[in-house]
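Input: a single structure, listed below in structure tokens.
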Amino acid sequence: MAIIPMDVGYAVADEVVDCGLQKFHRYRRSSTIIDFRTMEVVRIGSCYEVIAEVLQRHFGVELPPDPGLEALPSGHLREAQRSYN
């Protein structure tokens with residue numbers, strides 16, 4: 001464990017970085033998240049169909065189908081499994 005002396009000063013930056021539209025903005029979703037320990041899809045996001053095809057072709061792993069942006073806007077599969085009482 002590192003001990004940080006109290007007399008060390010810290011610099012703070014006040015910068016804004018605007019990179020504009022990202023390469024995969026057309027998906028209108030964030031990144032795909034897969035828990036590789038359990039092979040569970042946590043969030044369906046950009047390039048999901050490409051990732052699913054690669055995993056199927058090279059490793060024989062089949063991911064669940066994408067229900068679509070209208071059915072699951074956030075892409076979070078766990079959100080779709082929740083039941084609100």
Side-chain angles (χ1 to χ4, degrees):
M1 185 168 114
I3 298 175
I4 301 173
M6 296 305 289
D7 61 344
V8 175
Y10 294 94
V12 177
D14 187 15
E15 297 292 325
V16 176
V17 178
D18 183 1
C19 297
L21 291 176
Q22 298 299 308
K23 182 176 181 179
F24 299 107
H25 75 278
R26 65 185 178 91
Y27 287 93
R28 296 181 11 217
R29 284 184 170 167
S30 191
S31 59
T32 295
I33 300 175
I34 300 172
D35 184 344
F36 285 102
R37 294 172 295 174
T38 61
M39 291 309 295
E40 176 189 16
V41 177
V42 177
R43 180 172 66 200
I44 294 175
S46 61
C47 300
Y48 180 76
E49 68 278 358
V50 175
I51 294 168
E53 195 271 327
V54 167
L55 289 176
Q56 173 63 41
R57 182 170 13 117
H58 292 288
F59 303 103
V61 174
E62 189 165 336
L63 298 181
D66 181 356
L69 189 60
E70 292 75 30
L72 192 60
S74 71
H76 284 274
L77 294 181
R78 291 179 182 161
E79 180 181 300
Q81 296 167 358
R82 287 187 194 141
S83 63
Y84 297 96
N85 297 325

### Query
With hydrophobic residues grouped by side-chain heavy-atom distances under 4.5 Å, do I33 and L55 end up in a single group?
no
### Summary
Taking every heavy atom of P65 against every heavy atom of I44, the minimum-distance pair comes out as O-CD1, 4.1 Å
### Same cluster (ILVMFWY, side-chain, under 4.5 Å), F36 and V41
yes
### Task
State whether the side chain of T32 and the backbone N or O of S46 hold a donor-acceptor pair below 3.5 Å, judged by distance alone.
yes
### Query
Distance from L63 atom CG to I51 atom CD1, nearest 0.5 Å?
8.5 Å
### Message
Going by side-chain contact (heavy atoms from CB on, under 4.5 Å), name the residues that satisfy it together with P73, two or more places apart in sequence or in a different chain.
### Response
none
### Query
Cluster question for you: counting only ILVMFWY and a side-chain heavy-atom cut-off of under 4.5 Å, with indirect links fine, are V61 and L77 together?
yes
### Query
Between the side chain of R43 and the main-chain N/O of S31, is any donor-acceptor distance below 3.5 Å?
yes
## Note on the structure
Contacts satisfying salt bridge (charged side-chain N to carboxylate O under 4.0 Å, His left out) that involve residues 54-67 (not counting sequence neighbours) are R29-D66, E53-R57
